[in-house]
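I have a structure I would like to understand better, so I am pasting it below and will then ask my questions one at a time.
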Amino acid sequence: MSSADVVVVGAGLAGLTAAIRLAEAGASVDVVARGHAATHWTAGGIDVAAPRGAETPAQGLKRLRSVPGHPYAVVGDDVPAALEWFRPTVAASGLEYIGDLSSPIRHVPTSIGATRPASIVPAAQAGALRPWSPDERLVICGFGGFKDFWADEIAASLSRADVWGSAAGSEGVRPSRVESVTVALPGTQGRHNLSALDIARLFDDPGTRKDAIAALASALNRAGARPGRVGLPAALGLDDHRAVITDVAAALDLDPFEIPLVPPSIPGLRLFGALRSALRAAGGRITVGEPVLSVERSDRRVTAISTSAAARQRTIRANAVVLATGGIAGGGLIGTAAGLVEPVLGLPAEAPPVNAWLSRTPFDPAGHPLELAGIRTDADLRPVFASGETVFENVVAAGSILAGQRYLAERCGDGVAIASGYRAAATLLGGSKASGERPRGKRREAAAGARA
């Protein structure tokens with residue numbers, strides 16, 4: 001039987017943020033997860049807050065903090081510090097992010113020929129954020145045999161003004177012209193089922209990268225030399241991404257940027273890899289593929305968590321637990337005939353009655369009632385009953401399992417995840433939001449706080 005100061009259940013943005021913060025402070029941390037989280041499915045940017053009408057993440061954050069019951073009403077104050085911690089943490093693994101809370105929210109292209117609002121993105125995607133010059137064109141460049149990026153169709157869709165948002169007619173919002181080109185990468189001729197991982201590995205390999213970039217440059221040169229940018233599938237390397245994007249930018253006359261793809265997300269895989277590296281560097285442990293089988297309790301404390309590990313059961317004695325298993329989409333909440341259930345610890349879930357879960361219209365502007373479901377907590381992210389009484393003294397919750405957010409419409413999921421993971425670690429290290437205390441500075445004292 002192993003033991004840890006803190007067991008973190010869930011390996012997404014929230015869980016890994018909490019785990020790294022705790023490990024950096026000297027606590028022994030064990031992360032267990034049934035599977036990979038939203039990092040592997042999303043675009044790799046950091047959506048802090050972009051409700052309709054917000055011009056910057058700061059504006060969106062201010063608005064959502066005033067919504068009763070929203071997670072930002074609890075962790076909104078932690079967002080700036082959490083982002084300041086996040087950026088150098090992932091940059092240490094070669095993953096740089098561009099943008100901050102004051103950056104404009106702009107419409108950037110997607111791989112289905114639409115646009116999405118963004119302001120904080122990986123450096124490889126940042127070229128899409130700059131305002132467009134009056135004579136600037138966009139070239140959408142696809143790769144032959146790649147099934148998830150159809151350059152001609154994407155370009156045709158992005159040529160329509162209406163996909164660039166309500167301000168599409170304003171100067172600088174969209175390119176003057178959108179064109180397309182498709183490149184046959186070396187060694188892929190005759191292939192019709194290339195995946196993003198296939199392409200990423202091709203660019204990672206120094207032996208094929210040079211020829212691939214030469215083919216790319218040649219095709220774009222034939223497309224003409226007028227000013228502009230080139231949107232490429234977000235598959236420019238996985239393990240050696242920084243070197244790949246540097247070499248691509250040096251070889252092209254057009255300014256390149258990556259366009260995120262359908263899952264699995266290469267930018268998301270890079271982000272997960274950077275966070276995992278940071279956790280291991282801080283002394284933490286992570287195991288993906290181990291669902292929680294059972295939990296031991298004593299009074300109002302969780303004392304151990306047992307997981308499925310290959311052909312055996314692994315039990316971890318724990319002094320504290322971070323629950324970051326995701327919301328309904330991630331399996332952190334499960335719908336049953338009796339209502340919504342939190343399956344790991346049996347926490348009370350806040351949700352409407354079963355017969356009121358869904359709206360009568362699929363795209364109701366007000367959203368579906370079930371979107372707001374989740375776990376309700378106190379100011380320190382400890383789950384509470386409807387009465388407000390704490391369920392467990394040594395459990396905190398973080399991420400999309402928190403009640404009160406519409407993370408798709410509000411585009412707040414990443415910000416809530418990082419800020420609540422940051423706040424969860426602070427709580428376990430002895431910092432109380434209610435009392436204004438902060439985590440202790442010394443590593444030994446911080447670990448003792450997590451064990452308390």
Gly231 and Ile259: which non-hydrogen atoms are nearest, and at how many Å?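 Smallest heavy-atom distance, with atoms named: CA-CD1, 3.8 Å.
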Testing the basics here: between Val67 and Ala73, what is the closest heavy-atom pair and its distance to 0.1 Å?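 Smallest heavy-atom distance, with atoms named: O-CB, 4.2 Å.
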Take His107 and Val173 through the side chain to side chain contact (heavy atoms under 4.5 Å, CB included) test and state the conclusion after the steps. CA-CA 8 Å; His107 284 264; Val173 172; 5.7 Å; no
How long is the gap from OG on Ser93 to CZ on Arg280, to the nearest 0.5 Å?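 Between Ser93 OG and Arg280 CZ, I get 11.0 Å after rounding to 0.5 Å.
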Treating Asp380 as the side-chain partner and Thr427 as the backbone partner, does any N or O pair qualify as donor plus acceptor under 3.5 Å?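 Not a single qualifying donor-acceptor pair exists.
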If you take all heavy atoms of Leu236 and Leu232, which pair is closest and at what distance?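 Taking Leu236 first and Leu232 second, the nearest heavy atoms are CD1-CD1, 4.0 Å.
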How long is the gap from OH on Tyr72 to CG on Leu402, to the nearest 0.5 Å?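 The OH atom of Tyr72 sits 11.0 Å away from the CG atom of Leu402.
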Could you measure the distance from the CG atom of Leu428 to the CG atom of Asp5? Nearest 0.5 Å is fine.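 So the gap between those two atoms works out to 10.0 Å.
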Could you label the plane-to-plane angle of the Phe143 and Phe203 rings as parallel, tilted or perpendicular, counting under 30° as parallel and over 60° as perpendicular?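 Rings of Phe143 and Phe203: tilted, as their planes differ by 30° to 60°.
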Shortest non-hydrogen separation from Ala151 to Ile140 and the atoms involved: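 Nearest heavy atoms, Ala151 then Ile140: CB-O, 3.7 Å.
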Any donor and acceptor pair, going by atom type alone, linking the side chain of Glu96 with main-chain N or O of Ile98 inside 3.5 Å?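 Answer holds: no.
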If only atom types and distance count, is the side chain of Arg423 paired as donor or acceptor with the main-chain N or O of Asp77 below 3.5 Å?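 Pair absent, no side-chain N/O of Arg423 close to backbone of Asp77.
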Is Arg229 close enough and on-axis enough to Trp132, meaning under 6.0 Å and within 45°, for cation-pi?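 Judged by the rule (NZ or CZ under 6.0 Å from the ring centre, within 45° of its axis), Arg229 counts as positioned above Trp132.
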Strictly distance-based, threshold 3.5 Å: is any side-chain N or O of His368 a donor or acceptor partner for the main-chain N or O of Ser359?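 Judged by distance alone, yes, a pair lies under 3.5 Å.
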Among Arg63, Gln405, Glu410, whose side chain to side chain donor-acceptor pair (under 3.5 Å) with His70 holds?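 Per the side chain to side chain donor-acceptor pair (under 3.5 Å) rule, the option paired with His70 is Glu410, out of Arg63, Gln405, Glu410.
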Test Arg106 against every option in Pro117, Ser119, Pro131 by the side chain to side chain contact (heavy atoms under 4.5 Å, CB included) rule and name the one that passes.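 Only match with Arg106 under side chain to side chain contact (heavy atoms under 4.5 Å, CB included): Pro131.
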Gly388 backbone acceptor or donor facing Arg376 side chain under 3.5 Å: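 No, Arg376 side chain to Gly388 backbone: no donor-acceptor pair under 3.5 Å.
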Nearest-0.5 Å distance that lies between atom CZ in Arg317 and atom OG in Ser2: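 With rounding to 0.5 Å, CZ (Arg317) is 10.0 Å from OG (Ser2).
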